[in-house]
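Everything on this sheet refers to the single structure shown next.
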Amino acid sequence: MDRIRIRGGRRLTGTIRIAGAKNAALPLMAAGLLTDETLELRNLPLLSDIDTLSNLLVQHGVTLTMRSVNEEDGHRSRVFGLTTPDITSTTAPYDLVRKMRASVLVLGPLVARCGFAKVSLPGGCAIGTRPVDLHLKGLQAMGAEIELESGYVLARAPQGLQGGEVVFPFVSVGATENLLMAAALAKGETRLVNAAREPEVTDLARCLTAMGAQIEGAGTDVITVQGVDRLRGAAHDVIADRIEAGTYAMAVAASRGEVELIGARTDSMTTVFDHMAEAGVRIAQTERGVAVSADWVRGVDVMTEPFPGFPTDLQAQIMAMLATADGASMVTETIFENRFMHVPELMRMGANINLHGRSAMVRGSQDLTGAEVMATDLRASVSLVIAALAAKGDTVVNRVYHLDRGYERLEEKLAACGADIERVSS
Ligand code: UD1
């Protein structure tokens, strides 16, 4: 199993290109199931989660093609073609779904197109129980019959899905995306109330609209969809990954460096950058992206919330940055019940953190030290990389496969900015 070794204490300087957003790419790929024509997705990131979903889609009957194109600035990006003349299997098996919870995003498209789907329940995961009840209740409100059998969800709508009103009791990104895709091919009007406003949901709505869907209100908390009989192919550019951009911004700040994040945008990251600016980090929009620099960092309080609030997917990373700050910070997690697994590992590197339920009190210091660490999920793992960049001595991060799920060429991007980092195969 690969490990990453980091010798800390070097300032990051230079440029980092931000990849396409993983969390936008996954639902967009699932949307390929909704049409028999080709959906072309440009700027797809090179990640193991994309491979996992590709494997699932292929067994549903999707033909995948991949080509590289030269962008204006000479950078090469990947274009994926997804073509599904027929759905050859309506079953998403446990072996593929358990690897990645986002696999459940095939449920809405399969029922919408075929009137039937059998999708394995994703089960628990490291950051909490994460049920899919909102996805299922939403489909029921659209006329689907739902049964649970031997760990599988069976969803039936033999006459097709009907429009309906779905009121979410709290915000769910995945449920909003699943139901948006289902509603695109349902008969009549669907209203999604208290819908997620995340930029990845808006990106999906933009792509579905290009495919012929009739959607209003994406980006607000009420989305209205007029169902259509069929969707066509389209070509769509995946938005830049705001979580990857935020991660590198926090790594730069922790190392007191100066880096331009090419392709990043401040508009989808206002809350994140406001918190960083409050902590003393300089953030500026440039022609090519966002420039980040820091000479010092002070403590700030952070609370995760649905968009436009501070994203839970950057909570571990900002905690690592704040562990190097002058002063104390309170970091509160409100989205997932068990998302502090990075805390004991950060403490092994000398971080001073006290947990009180959903909040962590972080007392910053300049005295983090390298250690052998491991983490149980993607964002927790990368928070250890951030701490390691700021720490004295060597850190070895185990279970690198978590990082490969969500960060494209992480060690290359950091090494190009002066980090002493290498992947060690064992
Ligand atoms: C997505 C993101 C993930 C991010 C999360 C919150 C993708 C592929 N993943 O995950 O990186 O951390 O949004 O921004 O885009 N819940 C239920 N019942 C449901 C659905 C969700 O109780 O049916 C709960 C979850 O357990 C969690 C909360 O709702 O506590 C929010 O989850 P949700 O927004 O659905 O997260 P995902 O879509 O799984």
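Both backbone and side-chain heavy atoms feed into the values below; hydrogens, waters and symmetry mates do not. Just so you know, ligand 1 is whichever comes first in the structure, and atom 1 is the first atom listed for that ligand. Since the model is a prediction, treat every value here as computed from it, not as a measurement.
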Ligand 1 atoms in contact with [X] (distance to a heavy atom under 4.0 Å):
X    : answer
H135 : 23 (O)
T312 : 6 (C), 12 (O), 14 (O)
D133 : 17 (C), 18 (N), 19 (C), 22 (O), 23 (O)
F170 : 16 (N), 17 (C), 22 (O), 24 (C), 29 (O)
G174 : 35 (O), 38 (O)

Between [Y] and [X], is there a side-chain donor-acceptor contact under 3.5 Å, judged purely by atom types and distance?
X    : Y    : result
T247 : Q317 : yes
E37  : T83  : no
Q315 : T304 : no

Where does [X] meet ligand 1, judged by heavy-atom distances below 4.0 Å: at the side chain, the backbone, both, or neither?
X    : value
E337 : neither
K137 : neither
D313 : side chain

Taking the non-hydrogen atoms of [X], is any one of them nearer than 4.0 angstrom to ligand 1?
X    : value
R101 : yes
R339 : yes
P131 : yes

Can you tell if the side chain of D36 reaches within under 4.5 Å of the side chain of T84, non-hydrogen atoms only?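 No; the side chains remain at least 4.5 Å from each other.
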F80 side chain near L39 side chain, heavy-atom distance below 4.5 Å: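 When only atoms from C-beta onward are counted, L39 and F80 do not touch, as no gap falls below 4.5 Å.
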Among E244, H402, R379, side chain to side chain donor-acceptor pair (under 3.5 Å) partner for Y407: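 Of the listed residues E244, H402, R379, the side chain to side chain donor-acceptor pair (under 3.5 Å) partner of Y407 is R379.
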Should [X] be counted as touching ligand 1, given the test is an N or O pair under 3.5 Å?
X    : value
N23  : yes
V173 : yes
S172 : yes

Under the side-chain contact (heavy atoms from CB on, under 4.5 Å) test, which residues partner F307, sequence neighbours left out?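 For F307 the side-chain contact (heavy atoms from CB on, under 4.5 Å) partners, ignoring immediate neighbours, are R197, E198, P199, R242.
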Can you list every pair that meets side-chain hydrogen bond (donor to acceptor under 3.5 Å, both in side chains) and has a residue in residues 202-225, with sequence neighbours left out? D203-R206, D203-H236
Among L378, I335, N178, which one has a heavy atom closest to atom 28 (C) of ligand 1? I335
Could you tell me which non-hydrogen atom of I223 sits nearest to which non-hydrogen atom of A196, and how far apart they are?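 Shortest heavy-atom contact: CD1-O, 4.5 Å.
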For Y94, I'd like to know if atom OH has over 12 heavy atoms of other residues, nucleotides or ligands within 6.0 Å. no
